[in-house]
There are 2 protein chains.
Amino acid sequence: MPFTHHNGPKPTPAQCYNKLNAAGDALYVIGGKWRLRIIIALAEGHKRFNEIQRAIHGISARVLSNELKELEINGFLIRKVYTDFPVSIEYELTPYSDTLSPVIESLISWGEMHRQTIMHSEKPEAIATPVLEEIL
Amino acid sequence: MPFTHHNGPKPTPAQCYNKLNAAGDALYVIGGKWRLRIIIALAEGHKRFNEIQRAIHGISARVLSNELKELEINGFLIRKVYTDFPVSIEYELTPYSDTLSPVIESLISWGEMHRQTIMHSEKPEAIATPVLEEIL
DNA sequence: CGGGATCCCATTTGATACTG
DNA sequence: CAGTATCAAATGGGATCCCG
C-alpha cells in the first residue's frame, strides 16, 4: 500500500493512528541526530571509539559515549573488550541492527536524491544542509 | 546492495563516507522529533492546524508552528488559506513529499516489527517507548 | 481558530580538563 | 586510547497572554 494520498488509496484515520504510533516507536529508538549515523558508520565493520568519532563529523566524545550506551542497551551493537596489550575496545553491530537495513537504505537513497534535487534548484543555499554547505 | 556486513559485501570506507553524507542530508531535513510524524499525519489528507496538533500526541502549538514553517520552506507541504467565512487554513502534502514514501513505509514497518519484538521479550519495560508504555 | 510574542525553566551540549 | 567530571552556554520547549 502506498503511503500518501497522492498515489494510492487514502488511509483511514485508524490506520493513520497506528502508523503514527509505529513511526513514533521507531523514531524514539533510532531517532535523534546521531544514532542512525553511528549505525551507518559501523556498518562497514567494527570500529573503536575514536574511529567512530572521526567518522562522524561533529560529535563530541561525551555525546558519542552516551549514544553508544543507549544503542547497546537497545541491542543494536555490542561493546567488545580485547584484553590483549594494549587493551582495545571495539564496537560492532548486532544481527538485530540488520533489521534496520530497509530504513537506512531508503534514507540514504532519499538523501542522495534530495541532494541532486536541491543542487539543481535555483536557490540551493536556501535549503542546504550542513553537509551540502561544504560543497556549495 | 545490502547494508551491513552481516548479509552482504562489506562497503568500502569511501562508500561509507558517502552514505554517511547522504544520511546526514536526509536526517537534517526530515530528522528531529516531529517532522516525519507531521508528514505521516498529513498523509491521510489535508488537515487544519488544530487537527494536526490533536493527531500528534504531545506537540505544542509553538513547536508545531515552527515545524510547519520549516516543512513548507523545504517543499514538503503547502499552506492553503480558504477565504470563506470563517477563514480556514489547511496544510497538505506536496507531490515532493511522496518521495519520502519508501523512507516512511520502512520506518513504519520497522516500528511495528520492533514493537512485537520487545513486547515478546523478557523485559519489555527496559526498552519500552512512550507509546508502548501506554500499553504495558 | 491559527497562530505570534514573551517569559522562564529544564535539558542538552560543547569545551576543557582529567583519569585508568 | 577510552572514556568521565565539571562547568558554562545554548537550545528546546512549556505556559501564558495576546491578537486578527
Side-chain angles (χ1 to χ4, degrees), chain A residues 20 24 27-39 41-42 44-74 76-93 129-131 133, chain B residues 13 24 27-39 41-42 44-74 76-93 129-131 133:
Chain A
L20 264 172
L27 289 172
Y28 181 77
V29 181
I30 58 174
K33 193 172 178 179
W34 304 112
R35 291 188 190 168
L36 279 177
R37 267 180 262 218
I38 293 169
I39 292 173
L42 286 174
E44 66 170 343
H46 50 83
K47 280 192 170 67
R48 311 211 307 228
F49 189 91
N50 284 346
E51 287 179 312
I52 304 172
Q53 191 177 10
R54 276 191 297 272
I56 302 175
H57 192 66
I59 192 169
S60 72
R62 200 186 44 156
V63 171
L64 177 57
S65 175
N66 291 337
E67 295 289 35
L68 287 171
K69 282 176 194 165
E70 195 70 23
L71 289 168
E72 191 182 7
I73 290 173
N74 283 288
F76 295 118
L77 58 80
I78 51 176
R79 183 178 186 269
K80 283 193 173 173
V81 181
Y82 296 95
T83 55
D84 313 328
F85 184 80
V87 173
S88 80
I89 297 168
E90 304 211 317
Y91 293 89
E92 73 178 68
L93 297 181
T129 71
V131 177
E133 280 166 10
Chain B
L27 288 172
Y28 180 77
V29 181
I30 59 174
K33 194 171 177 180
W34 304 112
R35 291 189 191 168
L36 278 177
R37 269 180 260 218
I38 293 169
I39 292 174
L42 286 175
E44 65 170 343
H46 49 84
K47 280 192 170 67
R48 313 216 310 235
F49 189 90
N50 284 345
E51 287 179 312
I52 304 172
Q53 191 176 12
R54 275 191 297 272
I56 302 174
H57 192 66
I59 192 169
S60 72
R62 197 187 48 156
V63 172
L64 178 56
S65 175
N66 291 336
E67 295 289 32
L68 287 171
K69 281 177 197 164
E70 195 69 24
L71 289 168
E72 191 182 7
I73 290 173
N74 284 287
F76 295 117
L77 58 80
I78 51 177
R79 183 177 187 269
K80 284 193 173 173
V81 181
Y82 296 95
T83 55
D84 312 329
F85 184 80
V87 173
S88 81
I89 297 169
E90 303 212 317
Y91 294 89
E92 72 178 69
L93 297 181
T129 71
V131 177
E133 279 166 10

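Note that this is a predicted model, so its numbers are computed, not measured. Labels below follow one simple rule: chain letters A, B, ... track the order of the sequence lines, proteins then strands, and each chain is numbered from 1. Values below: every heavy atom of this structure, side chains too, minus hydrogens, waters and symmetry copies.
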S.K.: Would you name the heavy atoms of A/Ile30 and A/Leu36 that are closest together and state the gap between them?
M.R.: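 A/Ile30 and A/Leu36 have their closest heavy atoms at O-CG, 3.6 Å.
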S.K.: How long is the line joining NZ of B/Lys80 and P of C/dG3, in whole Å?
M.R.: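 Between P of C/dG3 and NZ of B/Lys80: 15 Å.
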S.K.: What is the minimum heavy-atom distance between A/Lys47 and A/Ala55, and which atoms define it?
M.R.: CE-CB, 4.4 Å
S.K.: With respect to the phosphate group of C/dG14, does any side-chain polar atom (N or O) of A/Ser60 fall under 4.0 Å of OP1 or OP2?
M.R.: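 So the side chain of A/Ser60 is within the cut-off, an N or O lying under 4.0 Å from OP1 or OP2 of C/dG14.
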S.K.: A/Leu68 has an atom CG; how far is it from atom P of D/dC1, in whole Å?
M.R.: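 It is 16 Å, rounded to the nearest whole Å.
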S.K.: Nearest whole angstrom, please: distance from the P of C/dG3 to the CG of B/Leu64.
M.R.: 8 Å
S.K.: Side chain of B/Ile89 only, please: which of D/dT4, C/dG3, D/dG13 is the nearest?
M.R.: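 Selected nucleotide (nearest to the side chain): C/dG3.
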S.K.: Would you kindly give the CZ-to-C1' distance between B/Arg54 and C/dC1, to the nearest whole Å?
M.R.: 10 Å
S.K.: On DNA chain D, nearest-nucleotide positions of B/Arg62 versus A/Lys69: which is more 5'?
M.R.: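 Upstream on the strand: A/Lys69.
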S.K.: At their closest point, which heavy atom of B/Tyr91 faces which heavy atom of B/Leu42, and how far apart are they?
M.R.: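 For B/Tyr91 versus B/Leu42, the nearest heavy atoms are O-CD2, 3.4 Å.
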S.K.: In whole angstroms, how far is the P atom of D/dT4 from the CD atom of A/Glu67?
M.R.: 13 Å
S.K.: Take atom CG of A/Leu77 and atom P of D/dA2, then tell me their distance rounded to the nearest Å.
M.R.: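 Result: 14 Å.
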S.K.: From C/dG14, D/dG3, C/dG2, pick the nucleotide closest to the side chain of A/Phe49?
M.R.: D/dG3
S.K.: If you only use heavy atoms from C-beta on, which nucleotide in D/dT4, C/dT13, C/dG2 is closest to the side chain of A/Ser65?
M.R.: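 Closest nucleotide to the A/Ser65 side chain: D/dT4.
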S.K.: Can you tell me how far C1' of C/dG2 sits from NE2 of B/His46, to the nearest Å?
M.R.: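 About 17 Å, once rounded to whole Å.
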S.K.: Between A/Asn66 (CG) and D/dT4 (C1'), how many Å, whole number?
M.R.: 10 Å
S.K.: Can you identify which nucleotide, out of C/dG14, D/dG3, D/dG13, has its nearest atom closest to the B/Lys33 side chain?
M.R.: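 Nearest to the side-chain atoms of B/Lys33, counting from C-beta on, is D/dG13.
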S.K.: Where the side chain of A/Tyr91 is defined as all heavy atoms beyond and including C-beta, which of D/dG3, D/dG13, C/dG2 is the nearest nucleotide?
M.R.: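 Minimum distance to the A/Tyr91 side chain belongs to D/dG3.
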S.K.: Of all heavy-atom pairs between B/Arg48 and B/Ser88, which one has the smallest distance, and what is that distance?
M.R.: CD-CB, 4.2 Å
S.K.: Which listed nucleotide (D/dG13, C/dT13, D/dC1) is nearest to the side chain of B/Trp34?
M.R.: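 Output: D/dG13.
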S.K.: Does a side-chain N-to-carboxylate-O contact under 4.0 Å join B/Arg35 and B/Glu67?
M.R.: yes
S.K.: Using a heavy-atom cut-off of 4.0 Å across all strands, would you classify B/Gly32 as base, sugar-phosphate, or nothing?
M.R.: nothing
